[in-house]
Every structure is written in structure tokens, then in C-alpha cells.
Engineer: 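First the structure, then my questions, so here it is.
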Amino acid sequence: MGRTPVPSNYKWIALSNTTLGVLIATMDASIVIISLPAIFRGIGLDPLAPGNIGYLLWMILGYLLVSAVLVVVLGRLGDMFGRVKIYNLGFMIFAFASIALSLDPLKGGGGALWLILWRIVQAFGGSMLTANSAAILTDAFPSRQRGMALGINQITALAGQFLGLLAGGLLAVIDWRAVFWVSVPISVTGTIWSYLSLRETSSGRRGRIDWWGNLTFAGGAGILLAGITYGIQPYGGDATGWGNPMVLGGLFGGVFLLALFCFIETRVKEPMFQLALFKVRAFAAGNLAALLTAIARGGLQFMLIIWLQGIWLPLHGYDFEDTPLWAGIFMLPLTCGFLVAGPVSGYLSDRFGARLFSTTGLVLVAASFLGLLMLPVDFTYYAFALLLLLNGLGQGMFSSPNTSSIMGSVPAEYRGVASGMRSTFQNSGTALSIGVFFSLMVSGLAAKLPTTLSAGLQGQGVPAGTAHQVASLPPVSTLFATFLGNNPIQHLLAPSGALDRVTAAQRHTLTGHSFFPRLVSGPFHHGLAIVFSVAAGMALVSAVASVLRGRHQRDDEQSPSK
């Protein structure tokens with residue numbers, strides 16, 4: 001497969017199309033998080049009923065798991081059969097799955113399974129887009145402009161995660177199916193445009209598919225991340241499931257398969273995962289920094305949603321049903337920081353190198369986490385917005401130069417697999433963050449929430465048995481109740497009928513805007529302190545890794561020996 005002649009403005013065509021592709025792929029990774037209340041009401045399913053928390057978790061995590069597992073495989077296939085060919089096919093699959101999601105004909109558990117399965121198909125198409133977009137841009141742009149192009153592409157991908165939150169809040173008000181409708185015209189248009197405009201500009205390398213490597217990697221990563229997912233759910237009398245034999249089996253089994261995968265990759269002639277690339281310091285350090293930053297960023301996203309929707313917005317008079325929309329709006333400074341810093345730092349890193357900007361960005365991210373740690377639960381919004389903007393600027397300063405450094409450090413024929421490996425670390429970090437930070441938050445809540453919740457309910461006339469029963473619910477259920485757009489106390493007490501047995505004044509207090517937020521604010525802040533302390537530590541370790549990347553060589557073409 002030789003190089004195809006392309007028009008002089010082809011690089012801008014490639015940039016606009018791939019940016020559209022990663023935008024819609026990453027938006028759909030997060031768009032359901034805020035719109036979950038509307039989705040579950042639409043299919044007639046109570047997400048907090050026994051046995052239904054699994055549906056809720058897989059609605060969020062199924063997309064992320066597939067994205068984390070498949071991007072390396074699809075990047076490798078792009079190297080072998082053509083990056084544009086795999087990218088175009090991904091757009092078509094994504095469009096088809098978006099249509100199927102919006103036409104869910106089932107109700108209850110069947111409707112949830114329909115959405116989960118088609119979300120997995122959609123993630124497969126989205127992985128084709130994200131695995132090959134950076135490689136297509138690296139092929140299309142000369143080294144002097146590559147950082148700018150990859151910066152725009154990467155910051156759009158990151159901003160898409162937060163724009164998805166805003167879009168989910170806006171569209172869920174209209175109709176729950178609109179959450180999926182929005183992807184249909186964009187993905188259909190992108191599919192047609194990509195087939196008409198994109199061209200193969202690099203020579204593909206035909207070779208054999210590493211079947212054993214594919215199977216052990218997909219199996220190991222999938223089992224490991226699934227084990228982490230179920231570790232969030234309670235087991236026996238414990239608040240989390242880390243003592244569950246099946247969870248432990250998934251963790252150890254996943255690690256074993258990944259270790260076996262690494263062994264296999266050193267023995268086959270044409271491995272899917274080029275372990276030799278980790279000998280390149282810029283590649284290894286950049287991916288380590290990207291992994292840790294993705295974990296910290298994913299934790300931030302979920303903690304901010306819970307903080308805003310469950311506590312701050314109700315305390316400031318917003319109806320629980322309106323909090324998903326307003327949470328997305330109040331998080332806009334974070335997205336603005338991405339959009340401002342990403343392209344600028346990408347452009348400047350082409351001239352001055354990646355290390356200065358990426359490291360400084362991570363220091364700013366760590367500082368913003370420490371600032372959020374010092375805020376009271378009922379904060380002043382301007383201070384909160386400033387810290388979000390600082391975090392967004394820091395992540396934008398880091399992400400664009402870091403991506404350019406990673407992609408520019410590898411030989412041209414390995415850019416597809418390098419792009420997939422980079423996306424794997426980033427997507428795995430996002431999936432890991434949910435398990436890590438939810439577990440930290442649940443552990444923090446479990447220490448104080450039951451006593452606080454039981455005493456607060458009994459103080460408003462709820463019978464001791466009912467109060468104790470509600471307070472004994474798994475903390476993860478209470479945590480999910482805070483961001484499902486429903487009145488948490490009304491949702492938790494409705495099954496027992498306790499609200500009908502208290503006075504009108506007590507009922508008004510219990511179901512008011514401030515009772516539940518003030519009740520849980522102390523335990524929540526205890527968990528929040530743990531989460532943001534760990535996130536700040538991860539950002540600082542990422543900064544050290546960024547410093548150690550060395551000077552980045554920016555040759556337009558590098559030989560495999562370099």
C-alpha cells in the first residue's frame with residue numbers, strides 16, 4: 001500500500017475530520033452519566049433497587065472498558081491494513097450503534113441490557129476512531145506543526161468528556177432518547193465525510209495478526225477492569241467488594257493474563273504491543289504521566305458531579321431534578337481551561353519542547369487539587385470556578401505537548417500502535433479512576449455516614465428501625481442517590497412509607513433542599529479529603545515522570561533504530 005497523492009490542504013481536512021471523530025467518541029463516553037436519571041425513568045427501571053446497581057455501573061463503565069481494552073488492537077490493525085480504512089469503518093459502526101441506542105424498544109432490565117450491549121458496540125467504533133486519529137494526524141502534519149494539530153485533537157477529546165456532561169443535562173430535559181439522537185447526525189455526516197476526504201498517506205505494513213497477544217491482552221485487561229468495577233459494589237457486610245472471591249479472582253486473573261501477554265509479546269515476530277517502544281524514554285515517561293493524570297482526572301469528574309448535584313446545588317435552592325443540568329453548566333470553567341491551554345501549549349511546544357509545558361501543567365493540576373481540598377463543602381462559587389479553570393489550564397498545558405512528545409518519539413511505521421497504546425493508558429486510567437476513587441469515597445463515607453444519617457432521620461421523627469435500615473444501606477447506594485436527579489431522602493424513605501407517618505413540618509424538612517446535603521456534608525468532606533489528596537499525589541508523580549522524559553527529538557521522520 002503506497003502513499004496516495006493528497007491536496008495541499010489535506011492536513012487541515014484530516015485535522016477537522018479526526019477532531020470531529022474524537023469529539024463525538026469522547027462525548028458519548030460521558031454523556032450518559034448526567035442523563036442516567038432520565039434514561040432509567042424512560043425505560044421504567046429503578047437504578048437503586050436491589051440488583052439494579054449493576055445495570056447502572058455497566059451503563060457508565062461498559063463503554064470505558066471496551067475503549068481501554070481494544071484501542072491497541074485497533075491501532076495495530078491500522079498499521080497493518082491502513083489507518084484511514086480502520087478509522088472510516090469505526091465511524092460507520094459508531095453511527096449504526098447510535099441509531100440502535102436511540103430506538104431501544106424494551107423496558108426494565110431488558111431495556112437496560114439493550115443499551116449496555118449497544119453502548120459496547122458504539123465503544124468498539126469509537127475505539128477505532130481514537131486509536132487511529134493521532135496516527136493520521138502525525139502522518140499528515142510536518143513536525144513543526146504536529147504539536148499544534150495533536151494538541152487540538154487531544155484537547156478536543158478531553159473537552160468532549162466534559163461537554164458530554166453538559167449535553168447530557170440539556171438533552172435529558174427534552175427526552176431521554178435525545179441523549180443518543182445527538183450522535184446520529186454527527187456520526188452519519190462524519191462517516192460520509194471521512195470516506196470521501198481522508199486518504200492513506202503512509203505505507204502500511206502487511207503482517208500476521210498476533211492472535212495469542214490479542215486474546216491475552218483483551219482477556220486480561222477486561223477481567224481486571226471488570227473486577228475493579230465489581231469491587232465498588234458491597235459484599236456481605238462490607239461497604240465495598242474487595243473481599244469478594246470473584247473480585248479477587250478477577251484482579252489476580254487479569255494480572256496473570258497481562259503478565260502472560262507481556263511474555264508472549266517478547267516471543268512473537270510481529271507483536272501487537274511493541275514493548276520495545278518503552279525503551280524510548282519520552283514514550284515511556286509520557287505514557288506513565290498520561291495514565292496517572294487520567295486516573296486523577298476521572299476521579300475529579302465524578303467527585304465534582306456528586307459534590308455539585310448532591311450537596312452544593314440543593315443547598316443553594318436548586319431543585320434536585322434540575323441539578324444534572326446545572327452541574328454541567330457550573331463545570332464549564334474546567335472545559336474552558338482545556339480549550340484555551342491545549343492548542344496554545346501544543347503550538348508553543350513545537351518550538352520549545354514538551355517537557356516545560358507538560359511538567360508546569362501537572363504542577364498546576366496538583367495545586368488545583370490542593371485548593372479544592374481546602375474549600376468548604378458549601379463553597380463560594382468564584383473560588384471554585386477559579387480552581388476548576390486552573391485545573392483545566394494545567395491539564396491542557398500537559399495533554400497537548402505530552403501527546404505530541406509520545407507520537408513524535410516513535411518510528412513512523414509504529415504510529416498506529418503507539419496511538420493505540422497511548423489511548424489504552426488514558427482510557428484505562430479513566431476506568432481505573434472510577435474504581436479507585438469511588439472506593440476511597442465509599443470508605444470515607446462508611447466511617448461516618450451510618451451514624452450521622454440515622455441520627456438525623458430520627459431527629460425528624462423517622463422511626464428508629466426505618467432510620468437504621470436506611471442508614472445501613474450500602475454507602476454506594478447513598479452516593480448514587482446524590483447524583484440521580486431525584487430527592488435522595490424521598491427516594492430512600494418511600495419504600496417504607498415513613499414519610500406518611502411524620503408531621504407535615506417534618507416531611508417538609510426531610511424532603512427540602514437542605515436537609516440531606518447538610519446531613520451528609522461532613523462524611524462527604526471526609527471522603528473528599530482522601531480523594532483529592534490522592535489525586536494531588538498522582539499529579540505530582542506525573543510531573544516527576546514528565547521531567548524525566550528527556551529532550552524530545554522532533555525529526556519529521558525517524559528510523560526504527562532511533
Engineer: Given Tyr87, which partner from the list Asn17, Thr130, Thr18 fulfils the side chain to side chain donor-acceptor pair (under 3.5 Å) test?
Structural biologist: Asn17

Engineer: Using a 3.5 Å distance criterion without hydrogens, assess whether the side chain of Lys107 forms a donor-acceptor pair with backbone atoms of Ala112.
Structural biologist: no

Engineer: Without swapping roles, check the side chain of Glu200 against the backbone of Lys85 for a donor-acceptor pair under 3.5 Å.
Structural biologist: yes

Engineer: Would you check if the side chain of Ser542 reaches a backbone N or O of Met538 as a donor-acceptor pair within less than 3.5 Å?
Structural biologist: yes

Engineer: Taking all atoms of both residues into account, what is the closest heavy-atom pair of Asn132 and Gly78, and its distance?
Structural biologist: OD1-CA, 3.5 Å

Engineer: Do the side chain of Ser345 and the main chain of Gly396 share a donor and acceptor less than 3.5 angstrom apart?
Structural biologist: yes

Engineer: Check Tyr55 against Gly109 and note the closest heavy-atom contact, atom names and distance.
Structural biologist: OH-CA, 3.7 Å

Engineer: Quick check on the 6.0 Å ring-centre criterion: do Phe384 and Trp307 meet it?
Structural biologist: yes

Engineer: Backbone N or O of Trp58 within a donor-acceptor pair of the Arg119 side chain at under 3.5 Å?
Structural biologist: no

Engineer: Ring centres of Trp176 and Phe40 under 6.0 Å apart?
Structural biologist: no

Engineer: Just by distance, do the side chain of Asn402 and the backbone of Phe398 share a donor-acceptor pair under 3.5 Å?
Structural biologist: no

Engineer: Which heavy atom in Gly227 sits nearest to a heavy atom in Leu251, and how many Å separate them?
Structural biologist: C-CD2, 4.3 Å

Engineer: Using only atom types and a distance under 3.5 Å, with no angle test, would you say the side chain of Thr293 pairs donor to acceptor with the backbone of Ala290?
Structural biologist: no

Engineer: So, does Thr189 use its side chain to make a donor-acceptor pair with the main chain of Ile186 at under 3.5 Å?
Structural biologist: no

Engineer: Compare every heavy atom of Leu101 with every heavy atom of Trp118, then report the nearest pair and how far apart it is.
Structural biologist: CB-CD2, 3.6 Å

Engineer: With rounding to the nearest 0.5 Å, note down the distance linking OG in Ser187 to CD1 in Ile99.
Structural biologist: 6.5 Å

Engineer: Between atom OG of Ser197 and atom CG of Asn9, what is the distance when rounded to the nearest 0.5 Å?
Structural biologist: 10.0 Å

Engineer: Counting distance only, does the side-chain N/O of Thr191 pair as donor-acceptor with the main-chain N or O of Phe91 below 3.5 Å?
Structural biologist: yes

Engineer: Taking the inter-plane angle between the rings of Tyr318 and Trp326 on a 0 to 90° scale, is it parallel (under 30°), tilted (30 to 60°) or perpendicular (over 60°)?
Structural biologist: tilted

Engineer: Can you give me the closest heavy-atom contact between Gly213 and Phe261, atom names plus distance?
Structural biologist: O-CD1, 3.2 Å

Engineer: What pair of heavy atoms forms the shortest contact from Ser98 to Ser183, and how long is it?
Structural biologist: OG-CB, 3.4 Å

Engineer: Any donor-acceptor pair under 3.5 Å linking the side chain of Asn287 with the backbone of Phe283?
Structural biologist: yes

Engineer: Test Arg83 against every option in Thr138, Asn88, Asp139 by the side chain to side chain donor-acceptor pair (under 3.5 Å) rule and name the one that passes.
Structural biologist: Asp139

Engineer: Take atom CZ in Phe96; do more than 12 heavy atoms of anything else shown fall under 6.0 Å from it?
Structural biologist: no

Engineer: Using 0.5 Å steps for rounding, measure from the CG atom of Leu388 to the CG atom of Leu332.
Structural biologist: 10.0 Å

Engineer: Do Phe217 and Trp212 make the cut of ring centroids closer than 6.0 angstrom?
Structural biologist: no

